[in-house]
Structures are given as C-alpha cells and as structure tokens.
There are 2 protein chains.
Amino acid sequence: MSTSTPASPGGKAAWAGAREALRERGLRWTPQRRLILDVLAETSGHITGAELVERCRARDAATIGSTVYRTLDVLEELGYVRHSHGADGREEYHVLPLAEHAHIGCLGCGAAWDLTWEDARELVERLEARNGFRVALGHVMIGGYCPGCEPAER
Amino acid sequence: MSTSTPASPGGKAAWAGAREALRERGLRWTPQRRLILDVLAETSGHITGAELVERCRARDAATIGSTVYRTLDVLEELGYVRHSHGADGREEYHVLPLAEHAHIGCLGCGAAWDLTWEDARELVERLEARNGFRVALGHVMIGGYCPGCEPAER
DNA sequence: GTCGTTCTTGCGAGGCTATGCAATAACAAC
DNA sequence: GTTGTTATTGCATAGCCTCGCAAGAACGAC
C-alpha cells in the first residue's frame, strides 16, 4: 500500500508513536483519531481544517467535523501539527512541523512558501530587543505579490 | 505598545468626500452606506467586521450583516479602509489607513499593535531582492508573545 | 414628476470553526 | 469478564463571513 516515498526522515514512522504519546498523557486512542492520524500520515506540508475533514469523510462518511477540529487541537498540543492562518484567514495546519517557519503568500495567485528563522532574524531580534516580544514564527504571515502578480487596481 | 491608534488628523472630514467618490464610480449613496460611514467616521484604528455590524445595529436594529460586509468591500476598493486578518484569523479592517503597517498580535492576551515599514525594512528588502516578492505590509501579521504572556504549555 | 437602468439591499442558505452537553467508549483495576 | 472513571464523541447550536437571487431603491434623462 505505501509507495516508495521515504521523503522525510520521519515519514509514516513519525506517527507510529502517536498512540503512546496519547496514552502517556492519559488521552485515548479512538477509531476517529486513528483515521485522522492515518490521513495526516499521508499528507505532507499544509492542510486546512476543511480539507482534512473532507479527506476523512472520503474514508468514513460518518466523520464529524467537530471531532476533527478537536483532534487537531490535541495533536497540536502533542506537537504533531502546528496551525496558523493563511492569507485568506483560513485555518491551516502544518503536518510534521520539522522547522517552525513563517508563511509568505501571494495575494494575487495564492502561491505560498516559507520563511525561516534565519530570514526573519533581523526583525525578530528587533522586536525582542525593543518590546520584549517573542515572535512565534509559525504565526507569522506575510502577504504580498509575487513577480507575476499585480496588486489589485485601486 | 498601544492597543489602538490615536485619532487621526483627518477625522470626520476625511469621510466627507465619500459620497462623491461613490458617485464618480457610478455607485450609489444609500442610507445603509451612510450609517456605516458614520460609524466608521467615529472609529479610529482597527475594527473587526463583526464589531462594525454590532455598532451599526446599535443605531439601526435593521442592519443586515451581509450589507455591512459588502459595503466594506466597496470602501476598500475606494481606499477608505484596508483589511487584513488578526492573529485569530478574523477579519480586521483599518480605518483611514494613513500609513500602511503590519500587525503584531500577542497570542496570549490578544493585545495588538503596529509595525511600520521602517521596522520591517530589512526583511522586506530581502524578500524583494531575493524573490522579487513585493510585501504588502497591511497583509503582514506577526504572532508571538508579549512580555507578560507565556506560550501555551506543551 | 415619471421612467428606465442598474446598483443595492434583504434574505436565505451555506461553509468553516468553536463550544456545551449528555451519552458513549477507552482504559485501568480487579 | 466486569466495573468504575473520565476522556471523547456525536449532535445541536452559534458566530463569522460569503454568495446567489429576486425585489427594491438611487440616479440620470426626459
């Protein structure tokens, strides 16, 4: 069933410990959570809450939206996903967050990519020094226009 | 770090031309738009869509939400407001945008303040130089924690 | 003032996300 | 296997925002 796509060093294996991670915290392993984890294990990069709900429903039509969102909250606490908001304000979850990063999104075409701590360092340090504000890079969103896109006429 | 922007030098006068601005574009001056403009004229800094709806309803209980949101879209096209998304993903409108600025929001207490072009210059220039990406400062959101707040336990 | 054009509104419906609550299922202990 | 505890689920509901559509209002022309 699994294709030969080792991709990240973690891969599906990284999810194997999820059940234990839940147990250790006195949380439970349920069929619903299993399904959600399965779907996430096959996802790399970003996924919105709505997308996840949809994919889960494709496998089990009885999937309940609120359960998915609540599970996502739990997984975030366990560090399996991290959420932020896209340029359109929608929830966006990062699967297997290897390195926390900010998001850059084109307001024209919707293209998105990442920004690392290194890229943002000057600004992050400035805010920390000036205001004592600790930036959470995963919650940084930078909107703008990529080379091919023009700002909307005004 | 103030939570809102002080009253602008423009004040109500800046809104006086709104009716003409609409006319010039073949758009119409309606009682609903007048109400919304009135409320906005008394607002400085930020306001969320929901807040605006609420304030309009306080003056005219018959206010319809979708009308407010649509008017906001029109006003944005005319340059009277500018929208972005708060740390929680909610819509947020900037009234009388004098200087475009980015938003910094505390994920703990919700406090928010502004970041100017000057503050972000290094990063903006880097993105422009490296990727040809033109940052829209009004669509930049920086989440993190202010001195009094701690990241959620994990 | 009347008329016609077309922009707006009101309204209903729907999508995404969050939350409260009672019923249920997981798990540990026996 | 049974039981008790309590985390979870399912469901209903609600809030915010968007969209389609038909009825209505604003504006310009006469």
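So that the names make sense, note that chain A is the first sequence line, chain B the second, and so on, each numbered from 1. Basis for what follows: all heavy atoms, side chains included, without hydrogens, waters or symmetry-related copies.
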**Candidates C/dA18, D/dC17, C/dT8 - which lies nearest the side chain of B/E91** =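 Closest nucleotide to the B/E91 side chain: D/dC17.
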**Message:** Of the listed nucleotides (D/dT9, C/dT9, C/dC16), which one gets closest to any side-chain atom of A/T71?
**Reply:**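 Comparing D/dT9, C/dT9, C/dC16 against the side chain of A/T71, the answer is D/dT9.
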**Rounded distance (nearest 0.5 Å) linking atom CD1 of A/I36 with atom CZ of A/R70** =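 The CZ atom of A/R70 is 10.5 Å from CD1 of A/I36, to the nearest 0.5 Å.
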**Prompt:** Just by distance, do the side chain of B/R82 and the backbone of B/H94 share a donor-acceptor pair under 3.5 Å?
**Reply:**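 Not a single qualifying donor-acceptor pair exists.
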Roughly how many Å is it from [atom1] in [X] to [atom2] in [N], rounded to a whole number?
X: B/R34; N: C/dT8; atom1: CZ; atom2: P; result: 17 Å
X: B/E24; N: D/dG28; atom1: CD; atom2: P; result: 12 Å
X: A/I64; N: C/dC16; atom1: CD1; atom2: C1'; result: 15 Å
X: B/L78; N: C/dC7; atom1: CG; atom2: P; result: 14 Å
X: A/L52; N: C/dA18; atom1: CG; atom2: P; result: 13 Å
X: A/R57; N: D/dG10; atom1: CZ; atom2: P; result: 11 Å
X: B/R70; N: D/dT18; atom1: CZ; atom2: C1'; result: 9 Å
X: A/W29; N: C/dA28; atom1: CH2; atom2: C1'; result: 19 Å

**Message:** Using heavy-atom distances to pick each residue's nearest nucleotide on DNA chain D, tell me which of B/G65 and B/L27 is more 5'.
**Reply:**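 Going by which nucleotide is closer to the 5' end, it is B/G65.
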Indicate whether OP1 or OP2 belonging to [N] is found under 4.0 Å from a side-chain N or O atom of [X].
X: A/T48; N: C/dC16; answer: no
X: A/T67; N: D/dG10; answer: yes
X: B/Q32; N: D/dA25; answer: no
X: A/S66; N: C/dA18; answer: no

**Message:** Using a heavy-atom cut-off of 4.0 Å across all strands, would you classify A/G26 as base, sugar-phosphate, or nothing?
**Reply:**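 Counting heavy atoms under 4.0 Å across all strands, the contact made by A/G26 is with sugar-phosphate only.
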**Asked** Would you call B/D119 and B/D114 a side-chain contact if the rule is heavy atoms closer than 4.5 Å?
**Response**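 In short, these two side chains do not touch, never coming nearer than 4.5 Å.
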**Neighbour count above 12 (heavy atom, 6.0 Å) for B/E51 CD** =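 More than 12 within 6.0 Å, yes.
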**Message:** Is it the case that the base of D/dT6 and the side chain of A/R28 share a donor-acceptor contact (distance under 3.5 Å, atom types as modelled)?
**Reply:**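 A donor-acceptor contact between them is present.
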**Asked** Quick one: do A/R57 and A/E54 make a salt bridge, cutoff under 4.0 Å?
**Response**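 So A/R57 does not pair with A/E54 through a salt bridge.
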